[in-house]
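Here's the structure, in structure tokens; my notes come after.
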Amino acid sequence: MKTYGLLGYPLGHSFSKGFFTKKFKAEGLSDHEYINFAYSEITEAVKHLRGNPEILGFNITIPHKVNILPYLDSMDPLCSAIQSCNCVKVEKGRWKGFNTDVLGFEYSLNPLLKPAHKNALVFGTGGASKAIVFVLRKLGMEVLQVSRTPGKGVASYEALSADILKTHTVWVNTTPVGLAPDSESVLPLDFNQIGSAHLVYDLIYNPEKSKLLQKAAQMGATIKNGMEMLVIQAEESWKIWKS
Ligand code: NAP
């Protein structure tokens, strides 16, 4: 069997498993499978995945996109620049890391951008946020990251003044806050500062319209969920594994 999969924890309902199972069937690849590797500890995951000759590649999700880095044998330049990995290709037992979240975010964001989108707020400082910040800066935006544990160049939620919230017209949620089954949760933000110039992007796709997106839409913002990004990053992963 040619085995691919998704490493993360908790995995719950996995979009990727369904996506690739359907894809392999449609392409007549009956000797291909895509399974979930649910490990909370990265050391446990590496112990079980390393050296299994059937595993040819895997995606990585919360909370291991950064944890995986010390276990890679090599990284492609983008993965190395961002220091976050969501796709591993296994060749002769060696693990090479890639980041396909970058393309997924960039391609899905691009059609929504307007000249007024010059300043961005990125909520969360985990693995996915690294790809998001990289893309926004590449597009020429000033980016302010927001965290529960602020530090140098990283603001706290409490420090976000009405002026900052108003003038930063791109908001991106890279935290799991609002993800099902906890879909009533929302980040502690003053939504009254949102206007029609705002673009609010939530990496969450389940529920389709998170509480954050519902509140932003009520204020007239353009909203986008993480589904298109997810599909693009999966397609890009497949291109890498096939190449
Ligand atoms: P991660 O590495 O665990 O990072 C998540 C970050 O969110 C944490 O570093 C933390 O930042 C913040 N956070 C966690 N719990 C929070 C809470 N209760 N309140 C406020 N902030 C909290 O996870 P990840 O891999 O970056 O993934 C994050 C989310 O993005 C997940 O929901 C994942 O499913 C989604 N995602 C979607 C796509 C897509 O294609 N649509 C791609 C990648 C990820 P601070 O400690 O700095 O506050």
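Note that the structure is predicted; figures quoted are calculated from it, not measured. We count ligands from 1, going down the list as the structure has it; atoms in each ligand are counted the same way.
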Proximal candidate to [atom] [heavy atom criterion; set [options]]:
{"atom": "atom 43 (C) of ligand 1", "options": "His64, Lys65, Gln233", "value": "Lys65"}
{"atom": "atom 28 (C) of ligand 1", "options": "Asp182, Thr174, Ile62", "value": "Thr174"}
{"atom": "atom 14 (C) of ligand 1", "options": "Ala234, Pro176, Gly178, Ser84", "value": "Pro176"}

**Report entry** Aromatic Phe191 / basic Lys215 pairing, under 6.0 angstrom, 45° off normal
**Finding:**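 Yes, cation above the ring, under 6.0 Å and within 45°.
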Out of all atoms in ligand 1, which are within 4.0 Å of some heavy atom of [X]? Include the element for each.
{"X": "Thr175", "value": "7 (O), 12 (C), 13 (N), 21 (N), 22 (C)"}
{"X": "Val177", "value": "16 (C), 17 (C), 18 (N), 19 (N), 20 (C)"}
{"X": "Leu230", "value": "39 (C), 40 (O)"}
{"X": "Gly226", "value": "39 (C), 40 (O), 41 (N)"}
{"X": "Asp101", "value": "42 (C), 43 (C)"}

Looking at [atom], what's its closest protein heavy atom, distance included?
{"atom": "atom 10 (C) of ligand 1", "value": "Arg148 NH2, 3.4 Å"}
{"atom": "atom 35 (C) of ligand 1", "value": "Leu203 CB, 4.0 Å"}
{"atom": "atom 34 (O) of ligand 1", "value": "Thr61 OG1, 4.6 Å"}
{"atom": "atom 26 (O) of ligand 1", "value": "Ala128 N, 2.7 Å"}
{"atom": "atom 8 (C) of ligand 1", "value": "Gly126 N, 4.1 Å"}
{"atom": "atom 2 (O) of ligand 1", "value": "Gly127 N, 2.9 Å"}
{"atom": "atom 11 (O) of ligand 1", "value": "Thr125 N, 3.3 Å"}

Requested in this report: For atom 17 (C) of ligand 1, state whether the nearest protein heavy atom is under 4.0 Å away.
Outcome: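 So atom 17 (C) of ligand 1 has protein heavy-atom neighbours under 4.0 Å.
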[Y] backbone acceptor or donor facing [X] side chain under 3.5 Å:
{"X": "Ser196", "Y": "Ala221", "answer": "no"}
{"X": "Thr100", "Y": "Gln233", "answer": "yes"}
{"X": "Arg137", "Y": "Ile132", "answer": "no"}
{"X": "Trp171", "Y": "Phe123", "answer": "no"}

Report summary line: Paired with Val102, the side chain to side chain contact (heavy atoms under 4.5 Å, CB included) test is passed by just one of Val135, Asn86, Ile232, namely Val135
Query - Atom of Ile62, atom of Pro176 and distance for their closest heavy-atom approach - result: CD1-CG, 3.9 Å
Query raised in the report: Would Thr125 and Gln145 count as having a side-chain donor-acceptor pair, cut-off 3.5 Å?
Result: no
Requested in this report: Mark yes when over 12 heavy atoms from residues, nucleotides or ligands other than Glu44 sit less than 6.0 Å from its CD; otherwise mark no.
Outcome: yes
Requested in this report: Identify which one of Phe98, Phe19, Tyr4 satisfies the ring pair (Phe, Tyr, Trp, His ring centres under 6.0 Å) criterion when paired with Trp238.
Outcome: Tyr4
